[in-house]
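Beneath this line is the structure, given in structure tokens, with notes to follow.
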Amino acid sequence: MTDAALSKTQLGPARLALVGNPNSGKTALFNALTGSRQKVANYAGVTVERKEGVLTLPGGRGAHVLDLPGTYSLRARSPDEVVTRDAVLGRLSGEQPPDVVICVADATNLRLVLRLVLELKQVGRPFVLALNMFDIAQRQGLRIDLERLSAEIGAPIVTTVATRKRGLEELVAKADALAVSHAKLLEEGGAHENVWREPNAAEIRAAHREAQRIVKECVRPPERPDTVTGKVDAVLLNPVGGLLILALLLFVMFQAVFTWAEPLMGLIEAGFAGLSTGVAAVLPDGLLQSLITDGLIAGVGSVLVFLPQIVILFFFILVLEDSGYMTRAAFLMDKIMGGAGLHGRAFIPLLSSFACAIPGIMSTRVIDNKHDRLTTILVAPLMTCSARIPVYTLIIAAFIPHTKVWGVFSLPGLVMFGLYASGIVSALVVSFVIRKIFWRGTVEPFMMELPTYRWPEPRNVAMNLWTRARIFIERAGRIILPLMVLVWVLSTFPYPPEGATGPAIDYSFAGRIGHLIAPVMQPIGFNWQMTVALVPGFAAREVAVAALGTVYAVGGDDEAGTNLGALLSHQWSLATALSFLAWYVFAPQCAATLGVVKRETNGWTWPTVMFLYMAGLAYLASFVTYHVAVAMGAG
Amino acid sequence: MSDALSLAPEITDLLADPQADRGAESLLSKARKGQRGVIVRVGGQTGRSESIDPEELERRLLEMGFVEGALFEVLHEGLFGRDPIALRIDDMRVALRRREAAAVTVQYEEI
């Protein structure tokens with residue numbers, strides 16, 4: 001932060017920070033307060049998401065609102081919670097301490113948040129308690145003596161219903177008043193000192209007793225406690241039934257991701273193709289045209305085409321999260337994932353990775369433990385992402401006959417299923433190896449609150465969905481764009497010599513790299529055309545399809561562009577095709593994923609490890625597949 | 001569904017009267033679905049080498065509401081090895097693995 005920015009805040013906008021337990025409706029309150037005026041970025045030097053919005057105070061003064069990660073205590077355990085603690089304590093580098101902390105509480109579940117309130121009290125920064133979801137508390141007949149509670153915690157209290165925008169004005173007014181009086185207090189040098197330090201077990205017990213006492217004095221238990229959650233859980237957490245319902249839910253989700261998204265994806269593809277043609281018509285043939293159409297437009301298009309799938313996937317994830325089901329899914333999956341050394345919370349990131357590993361890896365931030373998180377990041381790209389689908393469908397259509405197996409299953413469908421299954425099984429095996437052999441250390445406890453079920457609020461889901469989509473576009477764009485330009489340079493330069501007969505790519509750096517590694521790839525049945533296509537395919541998996549088209553197109557086969565599959569079925573043996581499929585299950589053929597891993601792990605170590613282990617597995621799998629297939633007469 | 005808060009009188013009576021037969025103490029890790037009672041001791045030792053630092057585990061358990069005197073009921077069990085378990089702790093629902101539940105000593109309600 002610069003000096004200019006510092007001096008501006010003297011009279012400038014107030015700084016508010018939202019703190020609260022997970023599931024307290026904190027983000028809903030943040031959305032209700034700031035509307036669309038929010039910005040998502042990262043905190044300096046860490047990969048924790050920083051969400052800030054602006055609002056206008058009653059007096060006309062502006063205010064910045066920071067939505068801090070949810071926590072049960074200032075005693076931080078995960079990187080997210082460290083940010084919350086440091087922001088509240090005013091220790092976060094590059095951040096100014098908040099003028100006022102807004103502590104958000106689920107009005108129906110006060111006991112745990114009161115302990116957090118007691119910690120905030122020790123910090124000495126002015127705070128206001130927002131009793132959110134107050135409508136639900138009233139419906140349950142829960143009586144809270146607000147005056148007494150306010151006196152006990154030594155802070156003003158405002159009741160809010162974030163989803164109905166109730167109580168927001170009062171909350172903002174109270175926060176403003178606190179900010180003003182605190183500023184005055186600071187000038188007079190009478191501000192409270194921070195006496196917070198990390199509590200030990202005895203202090204947590206004492207705080208708990210204190211919270212218990214306050215609840216007992218200020219809160220009368222509900223007359224009509226929520227019974228719906230218990231009844232729903234009896235079905236959804238049933239050991240067998242619950243898992244079946246989860247499987248059904250995932251099935252519906254995948255159906256939606258792949259069928260609903262298709263028309264939109266077609267539109268995006270057509271749009272980018274149209275744009276490319278338009279630009280090609282305007283710009284003269286040459287380098288600039290090639291850079292813009294083949295490099296930039298094709299590059300951005302190849303990422304944006306996945307946006308519909310990612311939006312649909314996130315829609316499901318957000319609805320399941322907001323309703324409270326996600327924690328139940330983690331509960332049901334914990335033992336299965338735990339058997340492979342994964343944490344129950346890894347379920348959501350791995351699920352996202354079926355659409356694209358990038359949002360999957362970004363969502364590993366919910367995992368507290370460093371080793372658990374790294375393991376999840378390392379295996380996420382083994383989940384069959386949608387970029388593999390064009391490659392799989394091309395090869396399967398060209399090589400796998402449309403026969404029925406046992407009269408019911410189609411063989412191509414079975415092969416596709418097999419490819420998905422190998423991805424999942426190998427992810428479990430790899431994480432098992434990592435956790436049981438390399439990092440045999442301690443096992444992170446699985447301990448989490450199962451929140452009360454609630455209907456997701458459409459507005460809130462829509463806003464969060466918009467935020468997710470924006471993050472994907474911005475981050476993926478920032479990483480993919482330069483990579484696309486790099487791959488374009490590699491496959492364009494140098495130009496083929498005069499009178500060259502082979503495809504132009506053959507003479508480029510990409511072609512040379514392809515030829516260079518061709519001998520290495522020969523034992524797994526790859527010809528040089530394939531290895532050349534793999535180089536640009538490194539930008540994104542599905543680009544390999546287009547690259548194969550390029551490599552074969554200028555070999556005298558004009559129809560190659562129109563029917564690549566038919567061409568390949570003449571050029572490749574079945575063993576080669578199967579080997580290529582096996583390669584694609586494992587190969588780290590996605591520079592954007594490696595880029596995101598670098599960002600998320602703050603260094604090149606883990607992307608390197610990921611690249612090496614995945615390349616090794618891919619080679620091994622292709623080698624075995626090829627030689628087994630050849631031995632069985634498919635060579 | 002029964003409300004755990006309604007258990008309060010009987011159990012606090014049991015605690016208040018030292019002469020009363022309190023029922024045997026047991027580890028929460030051995031609790032089965034439907035069993036309920038009161039938490040009598042929260043520690044950090046699970047008897048398993050792969051668990052996290054005992055002092056840290058104790059604090060985390062306390063922070064999730066596992067405190068001496070809290071009432072509990074086992075609501076659900078997972079499919080494999082009946083693990084993890086979902087519990088009601090006072091008026092909250094919490095999920096926990098049996099591994100960590102071994103650090104919590106409980107006393108069942110007399111039936």
Side-chain angles (χ1 to χ4, degrees), chain A residues 71-73 75 77 108-112 115-116 198-205 207-209 212 215 221-222 225-231 233-234 236-240 242-243 324 327-328 330-336 338-339 344 369 440-452, chain B residues 1-6 8 33-34 39 41-44 46 48-70 73-104:
Chain A
T71 183
Y72 288 101
S73 161
R75 197 179 70 80
R77 298 169 331 217
T108 62
N109 188 5
L110 277 179
R111 220 157 23 89
L112 288 197
R115 226 195 39 246
L116 183 64
E198 194 168 290
N200 60 31
E203 284 161 338
I204 297 174
R205 281 192 175 87
H208 213 96
R209 270 197 299 277
Q212 195 90 303
V215 168
D226 162 66
T227 54
V228 177
T229 299
K231 285 175 192 155
D233 269 347
L236 294 186
L237 290 186
N238 177 289
V240 180
L243 276 171
T327 52
R328 271 76 178 183
F331 176 86
L332 291 168
M333 292 301 293
D334 181 64
K335 196 72 182 182
I336 300 168
N369 179 282
R440 290 190 49 188
T442 55
V443 177
E444 188 70 3
F446 173 82
M447 214 186 278
M448 57 184 192
E449 193 182 346
L450 300 171
T452 309
Chain B
M1 194 174 66
S2 69
D3 181 7
L5 285 168
S6 64
K33 185 176 169 174
I39 292 174
R41 214 163 31 250
V42 179
T46 61
R48 308 270 296 257
S49 59
E50 71 275 20
S51 285
I52 58 165
D53 175 50
E55 215 265 331
E56 174 64 24
L57 179 60
E58 181 179 352
R59 288 199 282 181
R60 290 203 198 177
L61 284 165
L62 291 168
E63 280 168 354
M64 278 312 267
F66 292 88
V67 277
E68 290 82 357
E73 178 183 352
V74 181
L75 299 173
H76 305 281
E77 294 170 327
L79 176 62
F80 307 100
R82 301 178 186 281
D83 196 29
I85 48 176
L87 299 148
R88 180 201 296 280
I89 301 292
D90 283 337
D91 43 11
M92 266 180 68
R93 285 181 189 78
V94 180
L96 182 74
R97 282 189 195 141
R98 289 189 185 271
R99 187 205 312 272
E100 279 84 41
V104 178

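Keep in mind the model is a prediction, meaning the values are calculated, not measured. Atom set for the values below is all heavy atoms of this structure, side chains included, hydrogens, waters and symmetry mates excluded.
Ala201(A) meets the side-chain contact (heavy atoms from CB on, under 4.5 Å) test with Arg205(A), Glu55(B), Glu58(B), Arg59(B), Leu62(B); sequence neighbours excluded. With sequence neighbours left out, Glu444(A) forms a side chain to side chain donor-acceptor pair (under 3.5 Å) with Asn369(A), Arg60(B).
Atom CE of residue Met92(B) and atom CG of residue Leu450(A) lie 8.5 Å apart, to the nearest 0.5 angstrom. To the nearest 0.5 Å, atom CG of residue Asp91(B) and atom OG1 of residue Thr108(A) are 9.0 Å apart.
Comparing Val240(A), Asp233(A), Ile336(A), Asn238(A) by how many heavy-atom pairs each has under 4.5 Å with chain B, the most go to Asp233(A). The choice from Arg209(A), Glu203(A), Arg111(A) that makes the most heavy-atom pairs within less than 4.5 Å of chain B is Arg111(A). Contact tally against chain B (heavy-atom pairs below 4.5 Å) for Glu449(A), Lys335(A), Gln212(A): the top residue is Lys335(A). No other option in Arg82(B), Glu77(B), Arg97(B) has as many heavy-atom pairs under 4.5 Å with chain A as Arg97(B).
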### Task
Evaluate the criterion side chain to side chain contact (heavy atoms under 4.5 Å, CB included) for residue pair Arg328(A) and Arg93(B); output intermediate values, then yes/no.
CA-CA 11 Å; Arg328(A) 271 76 178 183; Arg93(B) 285 181 189 78; 4.2 Å; yes
#### Entry: side chain to side chain contact (heavy atoms under 4.5 Å, CB included) between Leu243(A) and Leu79(B), worked out
CA-CA 9 Å; Leu243(A) 276 171; Leu79(B) 176 62; 3.5 Å; yes
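Residues His208(A) and Gly65(B) share a closest heavy-atom pair of CE1-CA, 3.8 Å. Residues Phe331(A) and Ile85(B) approach most closely at CE1-C, 3.4 Å, considering heavy atoms.
With a 4.5 Å cut-off on non-hydrogen atoms, Pro199(A) touches chain B through its backbone but not through its side chain. The parts of Phe446(A) that come within reach of chain B are both its backbone and its side chain, each placing non-hydrogen atoms under 4.5 angstrom from that chain. Heavy atoms of Leu332(A) lying under 4.5 Å from chain B are absent altogether.
Considering only heavy atoms from C-beta on, Glu63(B) stays 4.5 Å or farther from Thr71(A) through its side chain.
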